[in-house]
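All remarks here apply to the structure that follows.
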There are 2 protein chains.
Amino acid sequence: MKYSPSKENYLKAIFHLQQDDSVVSTNALARQLNTSAASVTDMLKKLKTQKLLQYQPYRGVRLTAEGKKVALQIIRKHRLWEYFLVEKLAFGWEEVHEIAEELEHISSTKLIDRLDHFLGNPRTDPHGDPIPDAQGSMPLVQQTSLIDLPVRKQAAVISVSNQSTAMLDLLKHHHIGIGTKLAVNRRFEFDQTLEISIPNRPVFTISELLAANLFVAYDTTTTA
Amino acid sequence: MKYSPSKENYLKAIFHLQQDDSVVSTNALARQLNTSAASVTDMLKKLKTQKLLQYQPYRGVRLTAEGKKVALQIIRKHRLWEYFLVEKLAFGWEEVHEIAEELEHISSTKLIDRLDHFLGNPRTDPHGDPIPDAQGSMPLVQQTSLIDLPVRKQAAVISVSNQSTAMLDLLKHHHIGIGTKLAVNRRFEFDQTLEISIPNRPVFTISELLAANLFVAYDTTTTA
DNA sequence: ATTTTTTTTTAGATTTGTCTAAATATAATT
DNA sequence: AATTATATTTAGACAAATCTAAAAAAAAAT
Ligand SMILES: [Mn+2]
Ligand SMILES: [Mn+2]
Ligand SMILES: [Mn+2]
Ligand SMILES: [Mn+2]
């Protein structure tokens, strides 16, 4: 019931990579964890022995129910700590990921449940990602990439899928954050850039890459 | 500038054992860290290479200025986290030590400085021990063991030197906490037990062992 | 159906932190 | 001073997590 920080990082990475329920490749994991494919193979064998994942040589990997459960608890801890750092210690949302990467491995579940309560049981972290509850259930927030947002449709940013400092830096520059309301004015076919407008601010243009990593929610009820 | 949790634990243990400036023995360290003498020797050699301590085979060990600096930062983190757990998350003072033992190894100094500020720059932890500041200076609180408290002298508990769950459990039973005002009514020569009185509570008796681990402050100005 | 390329696994080392058992140094006793 | 007891260090192993280089399997291209 207690795993090393390294093992926890593996489980979390696999969880994130197997979006739906597809298998995850050794190379994809190596890239994500910034390690060699050989190290990944070594670790997968150990995690398999512990029945945290299904793994057949050359066939990729997928978490068992138990593996998912562990991964979700780590994700819960990660996101609650991120929320704490931003809301209570006034950190910027672009600097908390790294610190939470360490804090997520503190083992006490009593600690994390008290922290959850202290923070007022937040539903999403500073990046708009949902926080699993103590039982590990996490609401499936259905989100649309900005790429797919209809033109002139008002929408609110609910999460960002890339959380690199570089990307968060760019978002700050454009005054985009979780909750920001915006609309796509038009798409330029030549380079797929988008012109964006935020109420009471000058319009500006963003790249296709940025748009692909910005997720929004918008009113889908058809106005009669 | 970055050391493993294990190394940090060694530095902290040596710091606590070398009260004044005396050398610390291999066995004392092994006992404190709940490990074998052989492991201690192994580690001392590594820490010496990193110039964190002075060590000559069979001659014991003592921290260098650098070693002390590192130890004090760990102690700072440990005590600030303990304060956070008790004051913000409503933990009992007897359950926080273990969790802080993990939290003290989170590396971000920005985090600990923000936490310090968020907590209102507390001067002592829940056990009455002083919290070193960001520069590592810690006020030398002069404290007297209950063993040496003159009879009938009113005093206030300021710290406990043993923080085992067993001891803190006993303290709770006797309604003794940091700040509790008490006096020694008399000493029984036969077994060195002490009769204690706390205002508005029935008197009770404590063992020599408990008394030795309870530290108090009292008015030393001579009443003319 | 071969050949070539890409992906993945194995082989063999390395580092960190730990252990037990045996050897040696120091301290205490006779 | 010699002996006994205690403290400490060395020798040799082990588990976890990682690496590089080489081998093997799978996928893609000819
Ligand atoms: Mn992590
Ligand atoms: Mn996040
Ligand atoms: Mn510790
Ligand atoms: Mn304390």
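To find a chain, count down the sequence lines: A is the first, B the second, and so on, and within it residues start at 1.
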Only distances under 3.5 Å count here; give the side-chain donor-acceptor pairs of residues 32-39 of chain A to other protein atoms, sequence neighbours excluded, each with its distance to 0.1 Å.
| unit_1 | atom_1 | unit_2 | atom_2 | d |
| --- | --- | --- | --- | --- |
| A:Ser36 | OG | A:Ser39 | N | 3.2 |
| A:Ser36 | OG | A:Ser39 | OG | 2.9 |

Within the sub-3.5 Å range, which N or O atoms of nucleotides 10-15 of chain D have a protein N or O partner, and how far apart are they?
| unit_1 | atom_1 | unit_2 | atom_2 | d |
| --- | --- | --- | --- | --- |
| D:dT10 | OP2 | B:Lys45 | NZ | 2.9 |

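- One interatomic measurement links the two molecules: CG of A:Asn27 to C1' of D:dA26, which rounds to 13 Å at whole-angstrom precision.
- Among the protein residues, A:Thr26 comes within range of the sugar-phosphate backbone only, with heavy atoms under 4.0 Å from sugar or phosphate atoms but none that close to a base.
- Each of A:Arg59 and A:Met43 lies near DNA chain D, and the nucleotide nearest A:Met43 is the one positioned closer to the 5' end.
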Result block: side-chain N/O donor-acceptor pairs under 3.5 angstrom for residues 160-167 of chain A, not counting sequence neighbours:
| unit_1 | atom_1 | unit_2 | atom_2 | d |
| --- | --- | --- | --- | --- |
| A:Ser161 | OG | A:Asn213 | OD1 | 2.7 |
| A:Asn162 | OD1 | A:Ser164 | N | 2.8 |
| A:Asn162 | OD1 | A:Ser164 | OG | 2.9 |
| A:Gln163 | NE2 | A:Asp129 | OD2 | 3.0 |
| A:Ser164 | OG | A:Met167 | N | 3.1 |

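- In summary, of the residues considered (B:Met138, B:Lys69, B:Lys77), a side chain to side chain contact (heavy atoms under 4.5 Å, CB included) with B:Pro132 occurs for B:Met138 alone.
- Taking atom CG of A:Leu44 as the reference point, atom P of D:dA16 lies 16 Å away to the nearest angstrom.
- Residues satisfying the side-chain hydrogen bond (donor to acceptor under 3.5 Å, both in side chains) test with B:Thr193, not counting sequence neighbours, are B:Asp191.
- In this structure, the side chain to side chain contact (heavy atoms under 4.5 Å, CB included) partners of B:Ala212, at least two apart in sequence or on a different chain, are B:Ile147.
- Taking the side-chain hydrogen bond (donor to acceptor under 3.5 Å, both in side chains) definition, one finds that A:Glu102 meets it with B:Ser107, sequence neighbours left out.
- Judged by a 6.0 Å distance limit and a 45° cone about the ring axis, A:Lys88 is not positioned over the six-membered ring of A:Tyr83.
- In this structure B:Phe84 satisfies the ring pair (Phe, Tyr, Trp, His ring centres under 6.0 Å) test together with A:Phe84, B:Trp81, sequence neighbours excluded.
- Distances shown here put every side-chain N or O of A:Thr35 at or beyond 4.0 Å from the OP1 or OP2 atom of D:dT18.
- Residues passing the ring pair (Phe, Tyr, Trp, His ring centres under 6.0 Å) test with B:Tyr10, sequence neighbours excluded: none.
- Applying the ring pair (Phe, Tyr, Trp, His ring centres under 6.0 Å) criterion to B:Phe204, with sequence neighbours excluded, gives B:His174.
- Taking atom CG of residue A:Leu33 and atom P of nucleotide D:dT18, one finds them 9 Å apart after rounding to whole Å.
- As rounded to whole Å, 7 Å separates atom P of D:dA16 from atom NZ of A:Lys46.
- Comparing D:dA24, D:dT8, D:dT18 by their nearest atom to the side chain of A:Tyr58 picks out D:dA24.
- DNA chain D lies under 4.0 Å from no heavy atom of any residue of residues 5-15 of chain B.
- By the ring pair (Phe, Tyr, Trp, His ring centres under 6.0 Å) test, B:His105 pairs with no residue at all, sequence neighbours left out.
- Distance, A:Gln56 CD to D:dA24 C1': 17 Å, rounded to whole Å.
- Protein chain A touches strand DNA chain C; the 5'-most and 3'-most nucleotides with an atom under 4.0 angstrom of its non-hydrogen atoms are C:dT7 to C:dT10.
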